[in-house]
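Here's the structure we're looking at; comments come further down.
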Amino acid sequence: MLTGSELRRKFLKFFESKQHKILPSASLVPEDPTVLLTIAGMVPFKKIFLGTVPRPFPRATTSQKCVRTNDIENVGKTARHHTFFEMLGNFSFGDYFKAEAIPWAWEFLTEVLELPKEKLWITIYNDDDEAYQIWHEKVGIPEERIIRMGEETNFWAMGPTGPCGPCSEIYYDLGPEAGCGQPGCGVGCDCDRYLEIWNLVFMQFNRDENGNLTPLPKQNIDTGMGLERICSVVQGVRSNFDTDLIKPLIVYTAELANAEYGKDEKTSTSLRVIADHARATTFMIADGILPTNEGRGYVLRRILRRAIRHGKLLGIQEIFFYKVANKVIEIMGDAYPELVEKKEYILRVIKIEEERFQETLDQGLQLLNDIILKQKEGNKLVLSGEDAFRLYDTYGFPLELTQEIAEESGLSVDLEGFEAEMKIQRERARAAHKEADHVASGLGELLNKANLEKTDFCGYDRLEVEAKVMAIIEGDRLIESASKGQEVKLIFNSTPFYAEGGGQVGDRGFVLGEELEAVIEDTQRFVNGIIVHQAKIKNGKVNVGDNVKVRVDSGYRRKVAANHSATHLLHKALRNVLGEHVQQAGSLVSPDRLRFDFTHFQPLTSEEIREIENQVNKAVRANYVVETITTSLTEAKQLGAIAL
Ligand code: SER
């Protein structure tokens with residue numbers, strides 16, 4: 001029997017023999033800000049497809065780690081749904097197109113994997129006659145096994161915007177016993193008979209925000225085949241969970257729980273949930289994601305906590321999930337060495353999250369069950385937003401978990417009510433952060449009206465320049481001039497003043513003209529890169545159009561710069577002492593102090609704090625020279641720079 005690992009290797013080797021470069025899987029955390037997680041093999045190549053960066057090579061092939069959570073509530077209940085999966089893919093960056101991609105896919109399936117030809121079916125996009133011809137004439141597929149389908153199934157897009165194109169899918173017929181037996185059952189039927197195994201996307205358009213399609217600079221190929229799926233076909237098992245990629249996790253968890261897989265549906269579902277989620281959790285943490293309440297951190301927390309709760313359902317009392325993750329590392333470590341490298345760390349993060357959730361899980365479940373019972377008694381099949389929020393806020397139940405548990409008893413959750421509670425809490429938090437006030441003010445609108453160009457910032461190597469006054473603002477209106485005693489905002493064509501940003505406070509300094517003397521008390525940056533100086537006119541007068549001297553207070557700047565440098569020393573020491581996962585989450589840099597927020601999964605011990613202090617102080621005493629170098633990203637990385 002071909003193992004999952006062998007299959008992965010065979011795929012990559014096959015395309016290597018067709019002059020593709022084998023690349024390691026990219027991180028689950030994409031560079032592309034339009035997606036939260038890597039959801040397909042093509043995500044790391046988006047810019048190459050769009051033509052905004054040059055292609056490093058014409059062809060590539062990968063087995064890409066992917067996480068999708070849009071169907072998470074189905075994971076565990078079916079044979080095919082996953083949060084984590086691997087996508088096998090071959091890519092052409094403006095090199096070959098349909099005439100090669102189609103026959104190669106066929107060759108791999110029928111000659112390398114030796115799948116029976118008569119079990120394979122093809123779909124193409126409605127009017128894609130070119131694909132039809134290649135399948136029919138070049139590959140020799142009979143007409144009746146090539147099915148034309150619509151946009152919904154046969155036009156693939158990464159998201160609402162971005163590269164996209166028509167596609168052709170290859171299906172495998174699992175035989176009548178797997179199907180619904182209804183007349184008219186065929187490819188595209190909802191039943192399990194015809195299994196989609198490979199998607200060949202002919203990537204040739206870019207879709208913009210308005211939905212318009214424009215042709216890409218070149219025609220590309222992006223294909224994707226789920227490793228677990230093709231593995232189930234090749235290994236002749238009914239479900240992805242029965243392949244050697246996942247089954248050992250189920251067997252292991254069943255042992256832990258003293259349960260039997262396949263005996264009853266509820267137990268089997270829980271075992272599948274845990275197996276799937278252990279894979280997702282392990283890989284996400286390895287790629288630097290930590291369980292939090294936001295963004296991908298929240299996705300991870302949801303997955304983790306859903307799995308832990310299913311452990312409860314199986315009757316497991318102690319913390320266990322980190323052990324399943326350890327098993328994942330055993331199975332996948334060969335193909336993904338980063339798991340082995342980061343093993344201790346991964347297991348520690350999971351353990352801590354388990355312990356944390358365990359503390360409130362029982363109480364929360366108890367509370368939730370009571371509420372559900374009460375609602376049912378009163379014949380009310382809705383759980384209030386307030387209750388859902390309390391479970392979220394106090395007991396750490398992700399909303400989706402509450403929903404899932406409520407649904408098991410036929411109750412829905414008042415989502416609007418939940419959102420309302422969430423909003424109240426957010427507003428409370430916002431009130432505590434008054435600093436952001438100016439964002440909400442009408443200044444942005446005013447600046448728009450003034451039609452200003454981006455301010456030229458020249459403050460890295462100069463502290464004083466001659467500049468022209470472009471606008472003066474008093475209160476909420478634009479004025480032409482200001483004189484002694486007035487407090488106004490000044491905008492220049494060019495400035496050496498560093499605007500507040502990245503947690504560093506804005507510069508202070510002076511503006512001097514023939515008769516003018518003004519002090520700058522703060523500097524802020526606005527949309528479109530306009531830098532706004534908060535000024536007090538001490539003497540004389542300033543007019544729009546005047547040429548003035550703009551000078552930064554060098555003593556103030558030096559102190560701020562020193563604290564800024566100190567954040568980097570602190571960051572480095574944190575990484576030395578706590579581990580490479582420590583990332584900056586925010587900071588405040590002012591002349592007299594600094595604050596540095598960072599991600600870590602537990603409070604620091606006093607020894608750790610002392611060691612960090614020692615390292616920072618040592619670096620301060622060493623009195624290193626601080627240099628500014630302007631260079632390319634690649635060179636900076638070669639010099640050892642950390643991209644924050
Ligand atoms: N990007 C396509 C998909 O995800 C083919 O890889 O299906």
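When a ligand or atom number is given, it counts from 1 through the structure's own listing order. Predicted model, so just to flag it, every value in this text is computed and none were measured.
Not one N or O of A40 is nearer than 3.5 Å to an N or O of ligand 1, by distance alone.
Contacts between Q64 and ligand 1, counted as non-hydrogen atom pairs separated by less than 4.0 Å, are absent for every part of the residue. Residue contacts with ligand 1, taken as heavy atom pairs separated by less than 4.0 Å, involve M87 solely via side-chain atoms from C-beta onward. By the criterion of a heavy-atom distance under 4.0 Å, neither the backbone nor the side chain of L200 is placed next to ligand 1.
The atoms of ligand 1 that sit less than 4.0 Å from any heavy atom of M42 are 1 (N). For ligand 1, the atoms sitting less than 4.0 Å from at least one non-hydrogen atom of D222 are 1 (N), 2 (C), 5 (C), 6 (O), numbered in the order shown with element in parentheses. Close contacts of ligand 1 with R68, meaning ligand atoms under 4.0 Å from a residue heavy atom, involve 4 (O). Shown in contact with G224 at under 4.0 Å from a heavy atom are these atoms of ligand 1, numbered in order with element: 5 (C), 6 (O). Listed by atom number, the atoms of ligand 1 under 4.0 Å from V201 heavy atoms are 2 (C), 5 (C).
Here the options are R68, R229, K65, Q64, the test is side chain to side chain contact (heavy atoms under 4.5 Å, CB included), and the partner is F85; only R68 passes. Partner R148 forms a side chain to side chain donor-acceptor pair (under 3.5 Å) with one of D127, D129, N154, T123 and no other, that one being D129. Residue R302 is tested with E400, E353, E73, E294 for a salt bridge (charged side-chain N to carboxylate O under 4.0 Å, His left out); the sole match is E400.
For F397 and Y392, the gap between ring centers reaches or exceeds 6.0 Å.
More than 12 heavy-atom neighbours from other residues, nucleotides or ligands sit within 6.0 angstrom of CD on E118.
Atom 7 (O) of ligand 1 has as its closest protein heavy atom N199 ND2, 3.0 Å.
Side-chain N or O atoms of R145 include none that pairs as donor or acceptor with a backbone N or O of W121 at under 3.5 Å.
Within the structure, ligand 1 lacks E169 among the residues with a heavy atom less than 4.0 angstrom away.
Ion pairing between D276 and R306 fails under the 4.0 Å rule for side-chain N and carboxylate O. Salt bridge annotation for E228-R279: present, with a cationic side-chain nitrogen under 4.0 angstrom from a carboxylate oxygen.
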